[in-house]
Colleague: 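Structure below; questions to follow.
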Number of protein chains: 2
Amino acid sequence: MASTVAYTPDETDAVPQAEPRFAPLYRQIKSLITKRLQAGDWKPGEPIPSETELASRYKVSQGTVRKAIDELAADNLVVRKQGRGTFVSSHLEVRTQFRFLRLRPDEYGQDDVSDAGAPGGEFQRGAVSSAGRSVQGQVLRSQVLECRRMRAPAEIARVLQLRSGETVVQVRRLLDLEGQPTVLDEIWLPGARFRGLTAERLANYSGPFYALLETEFGTRMIRASERIKAVAAPAEVARVLHLKAGVPLLRVDRVSVTYEDQPVEFRRGWCTTERHHYFNELS
Amino acid sequence: MASTVAYTPDETDAVPQAEPRFAPLYRQIKSLITKRLQAGDWKPGEPIPSETELASRYKVSQGTVRKAIDELAADNLVVRKQGRGTFVSSHLEVRTQFRFLRLRPDEYGQDDVSDAGAPGGEFQRGAVSSAGRSVQGQVLRSQVLECRRMRAPAEIARVLQLRSGETVVQVRRLLDLEGQPTVLDEIWLPGARFRGLTAERLANYSGPFYALLETEFGTRMIRASERIKAVAAPAEVARVLHLKAGVPLLRVDRVSVTYEDQPVEFRRGWCTTERHHYFNELS
DNA sequence: TAGTGGTCTAGACCACCGT
DNA sequence: CGGTGGTCTAGACCACTAA
């Protein structure tokens, strides 16, 4: 294949359409692979074809495929395992399980956490509406309070890029960390994408929320952005968290996106920081 | 040079000592370059030698140097500029100036900020004890309230890895965002490293705090980690921020490190989030 | 042992920048 | 134009994993 010219598909692949022409070859390859992931041709947890296989399939050198996969790995879409292969990443894997949970107990990792090596999260099946598991040394327990379908409030519709009045699923749940009620999450999801999502389905599922969305609804959360404010606890929130109304809480608003930067979740978390803190690395 | 064996220094470079032997060649090269940066042989804003130059100097292929520099660039230690060269990154550069400031006005970037392309921060010299400048579309003004030397409190000494009782510099400053007092920063620095740092020096300097530490004291902040809590504003803090005592504030504790992960700053920021929020990207 | 990702090389050519 | 980083190739060898 010529070096920088537009990629011409061979028989084994879907046509690449609205791509930025004249992108470097490795980006075109990256984009082709991403499309396959998005289409679900290669599923979370499974290996993608080997570098040599992809190289011959796309008629480029292995080095080019390598660079494409390097970026996919940097984007956390894929995980390389030496000697084994390259795997579609999944919220089910221990290493990426609570990738988006930034709340840490205050005692944890006094200095930089650097690598910390999470002690492998073994799952314990919980009672109805709950699941208990260990993550980063802390015991995590999730209890679903509510799951209902409703017409999207204007604000939610805007964020999720829905027409106003379209239906959304609202989930409210309580997170216990070390036995303390710590986070109240209010989650909104596009109704169309998560058709069969019910309170019962959630109750019977033990495991990370995003893992359920991934395995049951084929929607993988890729990336998210958060906005954090300090607020006084509203009465209703305080009640659920067993706190006095008005105590300071972290209000964490999160927009999560799948492939192509499609927003598919809006979440508002109300967090006590009496025994925990929000952790962040700057670089 | 043989492929994976230990690197043997040639005449042009300091001996590599306590390095993890049997690291890949490119990491050894990376480490050699890092040492040069740390030693100040190549200064912030200046170019480092070209890839071909480094390749011949270290007697490795250009590809290997390239991979080393790729990582340095990913670590933000260095910035590549096509056609020009590779430059030691600096807190003076517009693009990295307020790299660590995560507070955004609420209206800014309704959706993902993605790339946003900050509109180039032109500096305006301010009155004594202050500097006004524009960053990411918001007007930022810093006012030094206090700068004194003191014996390190136990907690500070621990974080900065000093012997208890060693002297530290404490700086207190107020950040105005869009004319609103928004953040009160309490900063502790190791006294030994920042010997000539005085209130006057700070007052006469217009520009980012870290840029001053970099240019005047040769200490570059590489990386930081933050812990965030929601707290009720202490009376003293509230007074400075023109708020009522007890209103919810973000308390952001930051530990910043230089090369070799040496901690060199502890900072506690008290932030109102009435008109701003803390922004974070998860991936 | 065969297959995978990881490292290293050498050389070609391109895109961009300043002079 | 010459020099810099950016892309692409082809091939060799290493390290790790699983059968």
Side-chain angles (χ1 to χ4, degrees), chain A residues 1-8 19-33 42 45-74 76-89 93 95, chain B residues 1-8 19-33 42 45-74 76-89 93 95:
Chain A
M1 164 172 286
S3 58
T4 301
V5 302
Y7 172 71
T8 322
E19 280 310 292
R21 247 69 265 252
F22 305 126
L25 231 200
Y26 73 88
R27 273 198 200 285
Q28 301 177 38
I29 303 299
K30 178 188 178 185
S31 152
L32 288 173
I33 297 174
W42 304 317
E46 292 176 0
I48 69 174
S50 73
E51 294 182 356
T52 49
E53 162 67 17
L54 288 170
S56 77
R57 193 185 294 193
Y58 294 132
K59 298 214 177 64
V60 298
S61 80
Q62 185 187 341
T64 300
V65 170
R66 180 145 252 280
K67 188 147 189 187
I69 295 181
D70 278 345
E71 289 205 353
L72 291 169
N76 285 309
L77 293 188
V78 116
V79 178
R80 317 183 91 124
K81 295 181 183 173
Q82 186 175 135
R84 308 224 282 123
T86 301
F87 299 76
V88 183
S89 64
E93 290 166 56
R95 303 178 48 222
Chain B
M1 166 171 288
S3 57
T4 301
V5 301
Y7 172 72
T8 323
E19 281 308 294
R21 247 66 265 253
F22 305 126
L25 230 199
Y26 73 88
R27 273 197 201 284
Q28 301 178 37
I29 303 299
K30 178 186 178 186
S31 153
L32 287 174
I33 297 175
W42 304 318
E46 292 176 0
I48 69 173
S50 73
E51 294 181 356
T52 48
E53 162 68 16
L54 289 171
S56 77
R57 192 183 296 192
Y58 294 131
K59 300 215 177 63
V60 298
S61 80
Q62 187 188 341
T64 299
V65 171
R66 181 144 250 280
K67 188 146 190 190
I69 294 182
D70 277 345
E71 289 204 354
L72 291 169
N76 285 311
L77 292 188
V78 117
V79 178
R80 293 173 171 288
K81 295 183 182 171
Q82 185 175 130
R84 309 223 282 120
T86 301
F87 298 77
V88 183
S89 64
E93 289 167 56
R95 304 178 47 222

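The chains referred to below are lettered A, B, ... by the order of the sequence lines, with proteins before strands, and numbering in each begins at 1.
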Colleague: Can you tell me the distance, in whole Å, between the CG atom of A:L25 and the P atom of D:dA10?
Modeller: 12 Å
Colleague: Measure from the side-chain heavy atoms of A:R66 and tell me the nearest of D:dG5, C:dG6, D:dT7.
Modeller: C:dG6
Colleague: Would a distance-only check, ignoring hydrogens and angles, find a side-chain to backbone donor-acceptor pair under 3.5 Å from A:T64 to A:Y26?
Modeller: no
Colleague: In whole Å, what is the span from the CD atom of A:E51 to the P atom of C:dA2?
Modeller: 21 Å
Colleague: Rounded to whole Å, how long is the line connecting atom OH of A:Y26 with atom C1' of C:dA15?
Modeller: 13 Å
Colleague: Toward the 5' end of DNA chain D, which comes first, A:K67 or A:G83, by nearest nucleotide?
Modeller: A:K67
Colleague: Run the side chain to side chain contact (heavy atoms under 4.5 Å, CB included) test against B:T86 and tell me which residues pass, sequence neighbours left out.
Modeller: B:I48, B:I69, B:V78, B:R80
Colleague: Return the value, rounded to whole Å, for the distance between atom CZ of A:F87 and atom C1' of D:dC16.
Modeller: 13 Å
Colleague: Of the nucleotides C:dG5, C:dC8, D:dT7, which one has an atom closest to the side chain of B:P24?
Modeller: C:dC8
Colleague: Is there a side-chain contact between B:I33 and B:W42 (heavy atoms, below 4.5 Å)?
Modeller: yes
Colleague: Identify the heavy atoms of A:E93 and A:V88 that sit nearest to each other, and give their distance.
Modeller: OE2-O, 3.7 Å
Colleague: Tell me: CD of B:Q82 to C1' of C:dG18, nearest whole Å?
Modeller: 14 Å
Colleague: In this structure, how many angstroms lie between the C1' atom of D:dG3 and the CD atom of B:Q62, rounded?
Modeller: 12 Å
Colleague: Taking only residues two or more places apart in sequence or in another chain, which ones pass side chain to side chain contact (heavy atoms under 4.5 Å, CB included) with B:P47?
Modeller: B:F87
Colleague: Rounding to an integer number of Å, can you tell me how far B:E53 CD sits from D:dG2 C1'?
Modeller: 16 Å
Colleague: Is the shortest side-chain N/O distance from B:S61 to OP1 or OP2 of C:dA10 below 4.0 Å?
Modeller: no
Colleague: So, is B:R80 close to the D:dT4 phosphate, meaning a side-chain N or O under 4.0 Å from OP1 or OP2?
Modeller: no
Colleague: For the helix from C:dT1-D:dA18 to C:dG18-D:dC1, what is the angle between the axes at its two ends, each from 5 pairs, rounded to 10°?
Modeller: 10°
Colleague: Given D:dT9, is OP1 or OP2 found less than 4.0 Å from the side-chain N or O atoms of A:T64?
Modeller: yes
Colleague: With no hydrogens and no angle check, is any side-chain donor or acceptor of A:Q28 less than 3.5 Å from a backbone partner on A:A23?
Modeller: yes
Colleague: Where the side chain of A:V60 is defined as all heavy atoms beyond and including C-beta, which of D:dT9, C:dC8, D:dG5 is the nearest nucleotide?
Modeller: D:dT9
Colleague: Given atom CG of A:L72 and atom C1' of C:dG5, what is their separation to the nearest angstrom?
Modeller: 15 Å
Colleague: Check A:E53 against A:P49 and note the closest heavy-atom contact, atom names and distance.
Modeller: CG-CB, 3.4 Å
Colleague: Between B:R84 and A:P49, name the one whose nearest nucleotide on DNA chain C is closer to the 5' end.
Modeller: A:P49
